[in-house]
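Have a look at the structure below before the remarks.
Reminder, nothing fancy here: chain letters follow the sequence lines and each chain counts from 1. Keep in mind it's a predicted model, so treat the numbers as computed, not measured.
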Amino acid sequence: MSEQDSVQEHDENQLITLRREKLAAIREQGVAFPNDFKPENNAADLEAAYGDKDKEWLAENPARVRVAGRIMLKRVMGKASFITISDSTGRLQLYVQLAALGEELYESFKGWDSGDIIGASGVMFKTNKGELSVKLDELRLLTKSLRPLPEKFHGLTDHEQRYRQRYLDLIMSDETRATFKMRSKIVAYIRNYFMQRDFMEVETPMLQVIPGGATARPFETHHNALDIDMYLRIAPELYLKRLVVGGFDRVFEINRNFRNEGLSTRHNPEFTMIEFYQAYATYHDLMDTTEELFRGLANDVYGNTTVEYQGLTFDFDKPFVRMTMKESIMHYNKDIEAADLETEYRARLVAEKLGVHLKESFGLGKIITELFDEIVEENLNDPTFITEYPAEVSPLARRSDSDPFVTDRFEFFIGGREIGNGFSELNDAEDQAERFHKQVAEKDGGDDEAMHFDEDYIHALEYGMPPTAGEGIGIDRLVMLFTDAASIRDVILFPHMKPQA
RNA sequence: GGGGCGUUAGCUCAGUCGGUAGAGCAGUUGACUUUUAAUCAAUUGGUCGAGCGUUCGAAUCGCUCACGCCCCA
């Protein structure tokens, strides 16, 4: 038995068998899957055009329309019926009468099922209860649906099934459709924002020989013809900066990164980021840009600068909080004083007291960052920039002129989660080479998230990169904020799931 | 990695003390020309996530596993 046979046999039930029989009968009668019907109207436009007209007006001004969609509800009342169809813009009620369609078609229609896709034309009218509807004089079955839809009132509630069979979730749930329409608008807004500011959109390699630009475990793959191992990119950063070296002063890329880590409500192995780079700018400029971008998104896409997220409220109208990493640690733990963060010895004592787990190899910079992750991050509800990240955890960022221990870097938090990361770029090729060497040493020491030495990138920097600032923003987490989604899986059309048994 | 909860008809869910499977929707048949989760009557439909065990007997109790959700690391 072939795999297909066994799958089908296992999967068939009475309902599907009957629908297959209905389809077989339709095949007998001619073209079962016609493709010559062209709708000219959709539910949303009709509602906008005629929703506020009354019954009399519609009777006196007959409007002919032509629509297509999927049957969601069907109410047969003897010689007349109502069906509710769904198209890409919304729902619409159609009135189907035996007298208007004839005995033969009406009898066939009574055998059609929810889920079937139909085309129809007729005139607009309003029912006695005031619902805008179409009184049909033409009705065609365009696609027979073989599988029964979920229950019409509750829809599909099982999260697992909604993620695994997103098409079904989209058929059944207006909220799901709205979420992904919002996602599309957000991406379009961001793209437009940068285009209008003279940024150029580019595409850089997703298949890389040296995975760089972030500290993360990559996915490994193999190029057969070249017989070399390759990696799916963990970030586009180093390629985008090569473009700045090349003279493209403002570039951005919106695309997927891949990180070989676990699945959770906050992590999908492939996720979407925008990274943008601007020559002759600093991280201070980017913080201003970020504030402006988010305020615009809230206003223009979300429709309000006050955003509700999972019971929290964020006001994007207020100036965003800005504080240094050390300040934030002291702010959220009053027992810690500045001197505790000056030496590795004292910082380790503090971490130990707070139960923060540290590796032997951690230097002061990593210890401070670890303290920040443990006691500060989750508290950063209001939009907040944290600045002065230690150089030890920022191998691609420019050192601060006033304190070489830290970099000209910020991360951006909303709702206790990191949304973005930006810095003045390290354009000192010699410093960059040293930092890569340190990363390689850590890699050799067993840290499989540490960076490789990218010789060609150093080469590029040696030709000279103008002073530049760059930033990455996680699109998925951003969409979560504006759609009030609890899980990253709610904002990714096809999130990764463990294979089923 | 650890803990808790869940998995029963296509979908949404019940299932008592362990006694052999239930409802609503969907489907089928019939009635019904302004319904809207249409209504009314009748009716079909089950690998109770998988496996092992306890028992005269397991959806139910125990163990293992799979997948999902939540919490913790």
request  = Would you mind building the protein contact string for nucleotides 34-39 of chain B? One character per nucleotide, 5' to 3', B for base within reach (heavy atoms under 4.0 Å), S for sugar-phosphate only, - for untouched.
outcome  = BBBBB-

query = Among all residues two or more places apart in sequence or in another chain, which pass the side-chain contact (heavy atoms from CB on, under 4.5 Å) test with R177(A)?
reply = S86(A), L170(A)

Going by atom type alone, with no hydrogens or angles, which donor-acceptor pairs under 3.5 Å involve a side-chain atom of residues 133-146 of chain A and a protein atom two or more places apart or on another chain?
| residue | atom | partner | partner atom | Å |
| --- | --- | --- | --- | --- |
| S133(A) | OG | Q93(A) | NE2 | 3.0 |
| S133(A) | OG | E131(A) | O | 3.0 |
| D137(A) | OD1 | R64(A) | NH2 | 3.0 |
| D137(A) | OD2 | R64(A) | NH1 | 3.1 |
| E138(A) | OE1 | R66(A) | NH1 | 3.0 |
| E138(A) | OE1 | S121(A) | OG | 2.7 |
| R140(A) | NH1 | D36(A) | OD1 | 3.3 |
| R140(A) | NH2 | D36(A) | OD1 | 2.8 |
| K144(A) | NZ | D113(A) | OD2 | 2.6 |
| K144(A) | NZ | D116(A) | OD1 | 3.3 |
| K144(A) | NZ | D116(A) | OD2 | 2.8 |
| S145(A) | OG | R19(A) | NH1 | 3.4 |
| S145(A) | OG | R147(A) | O | 3.2 |

message = Please list all pairs meeting ring-ring contact (aromatic ring centres under 6.0 Å, His included) that have one or both residues in residues 43-94 of chain A, counting only residues at least two apart or in different chains.
response = F82(A)-Y95(A)

remark   = By side-chain contact (heavy atoms from CB on, under 4.5 Å), E21(A) pairs with (sequence neighbours left out) T17(A), L18(A)

query = Can you tell me if the side-chain N/O atoms of T157(A) get under 4.0 Å from OP1 or OP2 in rC13(B)?
reply = yes

Inter- and intrachain pairs under salt bridge (Lys or Arg N to Asp or Glu O under 4.0 Å), touching residues 411-421 of chain A, at least two apart = R409(A)-E411(A)

ask   = With F153(A), which residues qualify under side-chain contact (heavy atoms from CB on, under 4.5 Å), at least two apart?
value = E151(A)

For residues 349-365 of chain A, please give each side-chain donor-acceptor pair under 3.5 Å, one per line with the distance, not counting sequence neighbours.
none

message = So, OP1 or OP2 of rC11(B): does either fall under 4.0 Å of a side-chain N or O from Q161(A)?
response = yes

inquiry  = Just to verify, what does T306(A) make a side-chain contact (heavy atoms from CB on, under 4.5 Å) with, not counting sequence neighbours?
reply    = N304(A), T313(A), D315(A)

Distances under 3.5 Å between nitrogen or oxygen atoms of protein and nucleotides 5-8 of chain B:
none

key: Bracket string, RNA chain B, 5' to 3' - pairs by Watson-Crick or G-U geometry under 3.5 Å, | interstrand   = (((((((..((((.....[..)))).(((((.......))))).....(((((..]....)))))))))))).

message = Per the salt bridge (Lys or Arg N to Asp or Glu O under 4.0 Å) rule, what does the pair list look like for residues 38-50 of chain A, sequence neighbours excluded?
response = none

key: Residue N13(A), side-chain heavy atoms: nucleotide from rU28(B), rU33(B), rG10(B) that is nearest   = rG10(B)

